[in-house]
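Working notes, structure below.
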Amino acid sequence: MAFSTTQCHHKAPPPPRPLPSLSLNPPSLSSLSFSSHPSHHKLSLSNNYSFGYGKPHFKIRPKAKQGLEVMCVQSVPLKVMISGAPASGKGTQCELIVKKFGLVHISTGDLLRFEVSAGTEIGRKAKEYMNAGRLVPDDIVTAMVTGRLSQKDAQEKGWLLDGYPRSFAQAQSLEKLQIRPDIYIALDVPDDILIDRCVGRRLDPLTGKIYHITNFPPENEEVKSRLLTRPDDTEEKARSRLQIYKQNVDAILSTYISILKKLDGNRSKEVVFEEIDSLLTQVQKEKSDQTKIAFRGDTYSERASPPKNNWRGIPTRLNNIPHSREIREYFYDDVLQATQRAVTAGKTRLKVEINIPELNPEMDVYRIGTLMELVRVLALSFADDGKRVKVCVQGSMGEGALAGMPLQLAGTRKILEFMDWGEYGAMGTFISIGAIGAKEVAEEDDLFILVAPQNAVGNCIIGDLQAMTDAAGKRPVILINPKLKDLPASSGIMQTMGRDKRLEYAALFENCYLLRLLYYAGTQYPIVGVLRMSYPSPYELFRRVSEPETPQKEKYVLISSFAERPDGDDINYALEGKTREQAKKEAGVW
Ligand code: AP5
């Protein structure tokens with residue numbers, strides 16, 4: 001089988017999987033030109049008009065109220081990275097993913113083997129590294145990958161990147177070019193299984209299919225007789241590849257932590273694929289929903305900026321208080337992105353919980369100023385998108401001797417009024433300040449940000465809050481560091497009457513962002529770990545580790561992720577290997 005450039009115009013080929021000993025005489029990678037098959041271009045004029053292939057198809061249909069409604073009806077191209085140790089099953093899963101999702105599979109291992117077998121300059125350079133089980137120099141691989149990603153077929157059909165990035169520097173190269181996947185899948189397989197898989201792997205040079213002498217033996221003698229073993233699949237080289245993988249993996253994962261999905265790859269390939277299939281289907285749905293929202297003229301998100309995701313991992317030096325301006329701004333931006341994503345996805349009852357000392361007025365009432373800074377960032381950003389934002393602080397509650405407000409919120413409204421709201425006159429036009437209650441909701445308000453709503457001793461804010469959200473209807477209401485737990489009342493009433501209803505109401509608000517620093521019980525130093533959730537990612541638990549050379553410098557490493565908010569036991573178990581109960585007598589993490 002030989003490729004010619006003419007064939008390549010109609011077939012978008014990454015070269016088939018490894019063909020090390022065959023001379024294929026392929027055109028060198030840089031000279032290939034890919035395009036989608038002409039038959040894929042379609043123009044359908046039936047009920048709706050749809051144009052193009054690979055790109056979203058747009059239906060234009062008459063809209064009852066406001067002229068035309070433009071809706072994206074085809075799934076947007078997916079961008080997927082799959083990673084894992086050597087022989088974790090990346091190639092095997094990629095075959096199945098490509099079959100189902102039609103993505104362009106870009107495997108650096110395959111591209112390099114292709115260059116080697118073609119005897120190109122790149123191939124000659126790469127060969128010695130590959131055969132030794134070492135990484136090929138970044139500049140060679142990166143140029144190859146970015147060139148391939150920019151091809152038309154990858155842009156239109158979406159891509160599946162396998163085996164890249166393999167080092168922090170490679171990940172950063174993509175970041176600089178703003179090439180980010182929608183999801184980062186990491187396959188996890190125990191070391192001994194990996195070595196067995198490597199040593200037993202065989203490849204069919206004719207079909208590119210991957211076999212294993214015991215797990216997936218060839219169908220017949222004919223196939224068996226032509227199977228090849230990769231030169232880097234000896235036990236010794238497999239161990240060296242595994243070691244290199246382990247040296248790099250944490251740094252790479254930290255780049256993609258917010259979109260990371262770790263899967264157990266030590267299950268049958270069908271079961272692993274089932275999980276990948278459902279994850280990709282979900283991501284595809286979310287992407288197409290976002291596109292729909294962005295295109296629909298009558299939704300809240302009419303003019304919203306596309307949601308960003310620039311997260312770069314937990315910042316270091318959180319133990320140093322007060323935090324620098326950079327760290328504060330880093331968190332403001334982190335919260336902003338998550339909130340924007342949730343609002344753009346149509347969520348309307350949201351809460352942000354950020355518990356770092358700088359933003360936690362419970363520790364020190366003066367911290368309310370920093371919380372206001374965060375609120376200002378959120379409000380101005382939504383105002384920039386043309387929304388009318390009402391920033392609300394609860395007023396005095398209760399009557400007579402019990403009248404009052406939580407200490408942390410005293411004077412907050414005044415601070416808001418005196419703050420610098422920028423030079424563009426947003427305050428009074430796109431931003432207004434109000435209290436909490438039904439009568440605060442004006443028709444022109446698009447979105448409400450409520451600053452630390454909380455019960456006070458003897459008084460419950462939930463009634464006013466509920467009336468306000470009822471009046472707001474489908475407009476987003478975002479609570480910043482709410483505290484809706486029951487507090488003691490002189491009569492004991494708050495702890496009992498209507499408690500179920502209050503809790504039920506409080507549960508309506510879902511986290512679009514949560515960040516909690518974790519310490520050993522009863523201490524505030526040093527930080528043991530961090531729990532973070534940023535919509536739509538799961539809850540992620542990080543352990544703080546000290547860098548050996550500079551122990552005062554912290555680093556946070558992901559150790560677990562949870563679909564639901566983990567409780568104290570889950571966190572203790574993940575960090576300490578025992579539940580909170582078991583650890584109670586010593587040092588439980590809270
Ligand atoms: P590359 O080809 O990417 O090798 P790798 O990452 O080591 O991965 P493998 O191809 O070995 O394994 P796989 O995860 O695809 O597993 P597979 O599905 O085949 O890279 C090779 C070399 O190129 C590198 O060493 C490096 O030199 C260079 N290189 C590549 N990218 C680079 C980069 N970015 N920078 C620098 N250098 C780079 O499965 C393995 C076996 O297990 C098969 O036999 C399969 O049948 C079996 N198997 C699969 N799934 C299962 C399952 N669920 N249960 C049982 N068996 C299974």
Side-chain angles (χ1 to χ4, degrees), residues 14-15 17-20 81-98 105-116 122-123 125-146 148 160-171 173-174 185-190 193-204 208-218 227-234 237-249 252 263-276:
R17 264 186 92 82
L19 304 162
M81 277 184 190
I82 187 161
S83 75
S88 53
K90 302 181 291 294
T92 304
Q93 292 303 324
C94 285
E95 276 178 23
L96 301 169
I97 296 170
V98 168
H105 178 205
I106 303 171
S107 150
T108 42
D110 287 353
L111 292 177
L112 287 167
R113 279 184 287 275
F114 189 74
E115 297 284 321
V116 171
I122 290 180
K125 282 189 196 155
K127 191 174 177 177
E128 61 175 296
Y129 293 94
M130 295 175 75
N131 286 350
R134 288 162 52 209
L135 291 184
V136 174
D138 286 349
D139 53 339
I140 297 181
V141 192
T142 300
M144 218 170 63
V145 169
T146 51
R148 186 65 189 88
L160 170 61
L161 195 47
D162 158 12
Y164 190 97
R166 254 183 161 91
S167 64
F168 186 65
Q170 291 183 1
S173 304
L174 292 187
I185 297 171
L187 299 175
D188 200 21
V189 176
I193 307 272
L194 291 170
I195 302 298
D196 171 70
R197 284 193 191 176
C198 264
V199 176
R201 171 169 40 197
R202 298 291 180 272
L203 305 165
D204 183 346
K209 217 171 149 188
I210 309 164
Y211 292 92
H212 186 278
I213 44 174
T214 46
N215 301 345
F216 305 114
L227 293 186
L228 301 169
T229 306
R230 261 170 52 174
D232 56 350
D233 271 349
T234 63
K237 285 174 190 167
R239 288 200 187 279
S240 146
R241 285 156 60 204
L242 184 55
Q243 197 193 354
I244 293 173
Y245 170 79
K246 287 185 174 175
Q247 282 162 2
N248 288 294
V249 63
I252 302 170
L263 307 187
D264 176 4
N266 190 20
R267 296 172 294 170
S268 81
K269 70 175 179 185
E270 292 78 14
V271 173
V272 176
F273 179 66
E274 230 170 75
E275 202 175 341
I276 293 182

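Since the structure is predicted, the reported quantities are computational estimates derived from the model, not experimental observations. In each ligand, atom 1 is the first atom listed, and ligand 1 is the first ligand listed. Only this structure's heavy atoms are used, side chains among them; waters, hydrogens and symmetry mates stay out.
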Over all atoms of both residues, closest heavy-atom pair of [X] and [Y]:
X: P231; Y: T234; result: O-CG2, 4.2 Å
X: S107; Y: H105; result: CB-NE2, 3.6 Å
X: E95; Y: K209; result: OE2-CA, 4.1 Å

Side chain, backbone, both or neither: [X] near ligand 1, heavy atoms under 4.0 Å:
X: L135; result: both
X: M130; result: both
X: V141; result: side chain
X: Y211; result: backbone
X: C94; result: neither
X: R113; result: side chain

Nearest-option assignment for [atom], heavy atoms, candidates [options]:
atom: atom 39 (O) of ligand 1; options: I82, D110, T92, V271; result: T92
atom: atom 38 (C) of ligand 1; options: L112, D162, V189; result: L112
atom: atom 15 (O) of ligand 1; options: G91, A126, S83; result: G91

Mind listing the side-chain donor-acceptor pairs of residues 163-171 below 3.5 Å, one per line with the distance, residues two or more places apart or on another chain?
| from | atom 1 | to | atom 2 | distance (Å) |
| --- | --- | --- | --- | --- |
| Y164 | OH | T142 | OG1 | 2.7 |
| R166 | NH1 | G163 | O | 2.8 |
| S167 | OG | Q170 | N | 3.2 |
| Q170 | OE1 | R166 | N | 2.7 |
| Q170 | NE2 | D138 | OD1 | 2.9 |

Q: Report yes or no: does R241 contribute a side-chain atom to a donor-acceptor pair with the main-chain N or O of P86 at less than 3.5 Å?
A: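 It does not hold such a pair.
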
Q) Counting only N and O atoms by type, is there a donor-acceptor contact under 3.5 Å from the side chain of R201 to the main-chain atoms of I210? A) no

Q.
Counting C-beta onward and ignoring hydrogens, is there a side-chain heavy-atom pair between D264 and E275 closer than 4.5 Å?
A. no

Q) Can you list the atoms of ligand 1 that are under 4.0 Å from a heavy atom of R134? A) 26 (C), 27 (O)

Q | Nearest-0.5 Å distance that lies between atom CD1 in I106 and atom CD1 in I82 | A | 13.5 Å

Determine, using heavy atoms of [X] and all atoms of ligand 1, whether some pair is separated by less than 4.0 Å.
X: R230; result: yes
X: S268; result: yes
X: S88; result: yes

Q. Who passes salt bridge (Lys or Arg N to Asp or Glu O under 4.0 Å) against R134, sequence neighbours left out?
A.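 Salt bridge (Lys or Arg N to Asp or Glu O under 4.0 Å) check on R134 returns nothing, list empty.
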
(Q) Counting only nitrogen or oxygen atoms and a 3.5 angstrom limit, does I210 reach ligand 1? (A)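 The answer is no, given that I210 and ligand 1 share no N or O pair closer than 3.5 Å.
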
